[in-house]
Amino acid sequence: MLSRTLYGLEKKTDMPLFTRPSNVPVPPLSRATGGKISVINIVAVVLFFGICLTALNVWELRRMQNDHMNLHRDWSAAEGRTDRGVKDRPIAVIRGKRLESGYLNHVFAVFKRIGYERGLPESSWDVMWAHDYPFTDPKLTPYLRSMKPHQKVNHWPGSGYITNKMSLATSDIHFIPKAFSLPHKKEELLKHAESNPKKMWVQKNNNHRGIRIKPLDQLDLTGESFVQEYVDKPFLIDGRKFDIGIYTVVTSIDPLRVYMYEEEVLIRYCPKDYHPFDPNDVDKYVVGDDYTPTWKMTSLKETYNRLQYSHKETWNHYVRSIGKDPSTVWRDVKASLREVVLAKEPQLVDALHGKYKSVRNFFEMVRFDFVVDEDLNIFLMEVNMSPNLSSAHTPANKGMYEQIIFNLLSLVGVARAIPTSLEGSPEDQNDMLVIERDVQVYSDVCNSETCRSTTSCTNTLCKLCEHCLTPDWREHLKAAFMEHVGRRNFRRVCPVPMTQEEAAHTKVLSESSLSEANWLMDYWYRGKCLQDPVWCT
């Protein structure tokens, strides 16, 4: 008996469902007919999966848009606001292309949590967060050129001197692999390559796309680009190459103040094992969007997932476990941050002075990306303007990104315990935060015969004394004081940290390589360090 099931109901019959008369021959299935059926089936399957993939993408985009709208629903009333609104709440302007995709959701979330309303450039805003460089945007120029002293923007004019890949790579700065700009330095490149025949090379441009190791004779030496030495013996973990991203903030220029996020770093591992090495397989040596995170690395996931250590401390533990000292890496990283920004500061000063009403309207966070070789030497590969702060591809990094944003806003005085506008705070309210007595240093020097008279103010050792402080320097010192108080997990890298013993030995200006403004800033931190060791680092 033949048993068949139709729509869940069992039907029994002694005869087949369809029969062919015995006098009708069975037509042969031609090879062509079978081929056509196979092609049709393949096309149908491809179309089906294509439709499914399209539907999935549409659903994902809709979900991201809904998340974006849900996050910002409470801010919608502030859009276009030109007054300050009820309760004098501070206002943030957040600018970027395709915000609905959600890549700035964590930025929106943090500003909302610290009490900001959302506004437009024409509103009485306190902070402007622009994902793209804002100073060449004609829609923003009128507002940026007429900023009030209290307003803050998250970029520095001229910061491209640091983040431009060609400008950085060809700067001849320590810790950066040797590079040659093309076509101008073609002959120097050929001469260097002849002297170093085993060197491998990568050709890059400012778009940082299509990076691939090639022999020198396969490179295009005529167009606008640069060629850089490849770091050919990288330090590997579980056979994977990786890079380390350091979140770095410039809060002041002339004098220079630079901070590094000390608590955490971004470590990204290549999708494929480095060996056997194949220069045609970039997933072995180039970190992309599909990088492997710490929590998927065999030797690291136990420390990161179960024991809840940071990316940084998980990496430190692994390095110590194989008998190496990770502290040398962080020492050199800080030296590199300091050296790069000091080298580029004159260009930043030129881009800034005379073009804006105040030099204290700006701050900027960038990400320095390093690779490490097998001897724990570091190599700076690039500096990223507006580094990624989205956890869309790595949801586990949500907490890290929001902590970094909050710590940044606290460092620069945007996230405050006083939930009012940054503009026009009453004098007694400002005095709760910092007063003149907080910034005084070197009481013995300032009380000495050398510094007592007003004519002594030409002496650099006396310029930080109360009677010699200019209004501009008074504001610089108060800002430095507030940064130290609000720095949370950021730590100063410039002026250089020190011990109290080192603070007591100051080089005079004539013996220093620093500008006068940077020397005075360093001198002030040394004075604070001598008063209290918490100011030393």
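Computed from heavy atoms alone, side chains included, the values below leave out hydrogens, waters and symmetry copies. If you're wondering where the values come from, they're calculated on a predicted model, not measured in any experiment.
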Do Ser167 and Asn164 pair up side chain to side chain, a donor and an acceptor below 3.5 Å, judged on atom types alone? no

Within the structure provided, determine whether Ile176 and Leu168 are in side-chain contact (heavy-atom separation under 4.5 Å). yes

Electrostatic pair Lys528-Asp438, nearest N-O below 4.0 angstrom: no

Check this for me, if you would: do Glu122 and Lys139 make a salt bridge, where the nitrogen-to-carboxylate-oxygen distance has to be below 4.0 angstrom? no

Check whether any side-chain heavy atom of Phe368 sits under 4.5 Å from a side-chain heavy atom of Asn384, and report yes or no. no

Mind checking whether Leu300 and Tyr318 have side chains closer than 4.5 Å, heavy atoms only? yes

Would you check if there is a donor-acceptor pair between the side chains of Ser171 and Lys344 at a distance under 3.5 Å? yes

Full working for salt bridge (Lys or Arg N to Asp or Glu O under 4.0 Å) between Arg416 and Asp126: CA-CA 12 Å; Arg416 309 192 310 162; Asp126 298 277; over 6 Å; no

Whether Lys241 side chain and Asp283 backbone form a donor-acceptor pair below 3.5 Å: no

I'd like to know if Cys536 pairs up with Cys529 as a disulfide, counting it only when the SG to SG distance is below 2.5 Å. yes

Please give me the minimum heavy-atom distance between Gly115 and Arg89, naming the atom from each residue. O-NE, 3.1 Å

Would you say that His484 contacts Val534 through its side chain, given a criterion of any heavy-atom pair below 4.5 Å between the two side chains? yes

Could you point out which residue of Phe363, Tyr161, Phe362 forms a ring-ring contact (aromatic ring centres under 6.0 Å, His included) with Trp156? Phe362

Please report, to 0.1 Å, the donor-acceptor pairs under 3.5 Å made by any side chain of residues 246-254, with sequence neighbours excluded.
unit_1	atom_1	unit_2	atom_2	d
Thr248	OG1	Ile246	O	3.3
Thr251	OG1	Arg257	O	3.4
Thr251	OG1	Glu483	OE1	3.0
Thr251	OG1	Glu483	OE2	3.1
Ser252	OG	Pro255	O	2.5
Asp254	OD2	His353	NE2	3.4

Do other residues, nucleotides or ligands put more than 12 heavy atoms under 6.0 Å from Lys355 NZ? yes

ring-ring contact (aromatic ring centres under 6.0 Å, His included) evaluation trace for Tyr116 with Trp129: CA-CA 12 Å; Tyr116 276 74; Trp129 183 289; over 10 Å; no

Enter the distance from Leu307:CG to Glu313:CD here, rounded to the nearest 0.5 Å. 11.0 Å

Crowding at CZ, Phe175 (>12 non-hydrogen neighbours, <6.0 Å): yes

Using only atom types and a distance under 3.5 Å, with no angle test, would you say the side chain of Gln440 pairs donor to acceptor with the backbone of Glu436? yes

May I ask you to decide if Ser159's main-chain N or O and Glu364's side chain share a donor-acceptor pair within less than 3.5 Å? no

Kindly confirm or rule out an SG-SG distance below 2.5 Å between Cys457 and Cys465. no

Between Asn305 and Lys301, is there a donor-acceptor pair closer than 3.5 Å when you use the side chain of the first and the backbone of the second? yes

Side-chain donor/acceptor of Glu502 to backbone N/O of Thr499, under 3.5 Å: yes

Could you pull out the closest heavy-atom pair between Met381 and Val371, with the gap in Å? SD-CG2, 3.7 Å

Quick one: does any side-chain atom of Arg240 pair with a main-chain N or O of Cys270 as donor and acceptor, under 3.5 Å? yes

In Å and rounded to the nearest 0.5 Å, what is the CE to OH distance from Met498 to Tyr525? 9.5 Å

So Trp473 and Trp524, ring-ring contact (aromatic ring centres under 6.0 Å, His included) or not? Walk me through it. CA-CA 11 Å; Trp473 264 96; Trp524 182 78; 9.1 Å; no

Can you find a side-chain donor-acceptor pair between Asn407 and Glu263 that sits under 3.5 Å? no

Between CG on residue Asp472 and CG on residue Leu477, distance to nearest 0.5 Å: 9.5 Å

Can you confirm whether Met385 sits close enough to Tyr133 that some side-chain heavy atom of one is under 4.5 Å from a side-chain heavy atom of the other? yes

Sidechain-backbone polar pair: Glu264 side chain, Tyr261 backbone, donor-acceptor under 3.5 Å: no

Full working for ring-ring contact (aromatic ring centres under 6.0 Å, His included) between Tyr291 and Tyr269: CA-CA 6 Å; Tyr291 69 89; Tyr269 299 85; 8.5 Å; no

Report the residues that fulfil salt bridge (Lys or Arg N to Asp or Glu O under 4.0 Å) with Arg491, sequence neighbours left out, ordered by chain and then residue number. none

Does Tyr356 reach the main-chain N or O of Met147 with its side chain, forming a donor-acceptor pair under 3.5 Å? no

d(Leu337 CG, Leu380 CG) to nearest 0.5 Å is 8.0 Å

What is the minimum heavy-atom distance between Phe406 and Ala415, and which atoms define it? CE1-CB, 3.9 Å

Distance check, rounded to the nearest 0.5 Å: Leu408 atom CG versus Ile404 atom CD1? 9.5 Å

For a quick test of reading the model, state the closest non-hydrogen atom pair linking Ile237 to Met297 and the distance between them. O-CE, 3.3 Å

Axial cation check for Trp330 ring with Lys312, 6.0 Å and 45° limits: yes

Answer whether the closest heavy-atom distance between the side chains of Arg95 and Val93 falls below 4.5 Å. yes

Taking the side chain from His393 and the backbone from Asp289, do they hold a donor-acceptor pair closer than 3.5 Å? no

Using the salt bridge (Lys or Arg N to Asp or Glu O under 4.0 Å) criterion, which residues pair with Asp369? Sequence neighbours excluded. Arg268, Arg367

Does the separation of the ring centres of Tyr304 and His311 fall below 6.0 angstrom? yes

Thr292 and Lys272: CA distance, side-chain angles, deciding distance, side-chain hydrogen bond (donor to acceptor under 3.5 Å, both in side chains) verdict: CA-CA 9 Å; Thr292 303; Lys272 294 183 180 180; over 6 Å; no

Quick check: do Val265 and Ile267 have side-chain heavy atoms less than 4.5 Å from each other? yes

Trace of the salt bridge (Lys or Arg N to Asp or Glu O under 4.0 Å) decision for Glu262 with Arg488: CA-CA 10 Å; Glu262 184 78 26; Arg488 298 182 64 85; over 6 Å; no

Return yes if some donor-acceptor pair links the side-chain N/O of Ser390 with the main-chain N/O of Ala392 below 3.5 Å, else return no. yes

So that I know where these two stand, are Tyr103 and His131 an aromatic pair - ring centroids less than 6.0 Å apart? yes

Rounded distance [0.5 Å steps], OG in Ser410 versus CD1 in Ile405: 13.5 Å

Minimum side-chain heavy-atom gap Phe481-Trp535 below 4.5 Å: yes

Closest approach of Val441 to Cys446 (non-hydrogen atoms, all atoms of both residues): O-SG, 3.9 Å

Charged N to carboxylate O under 4.0 angstrom, Lys204 versus Glu382? no

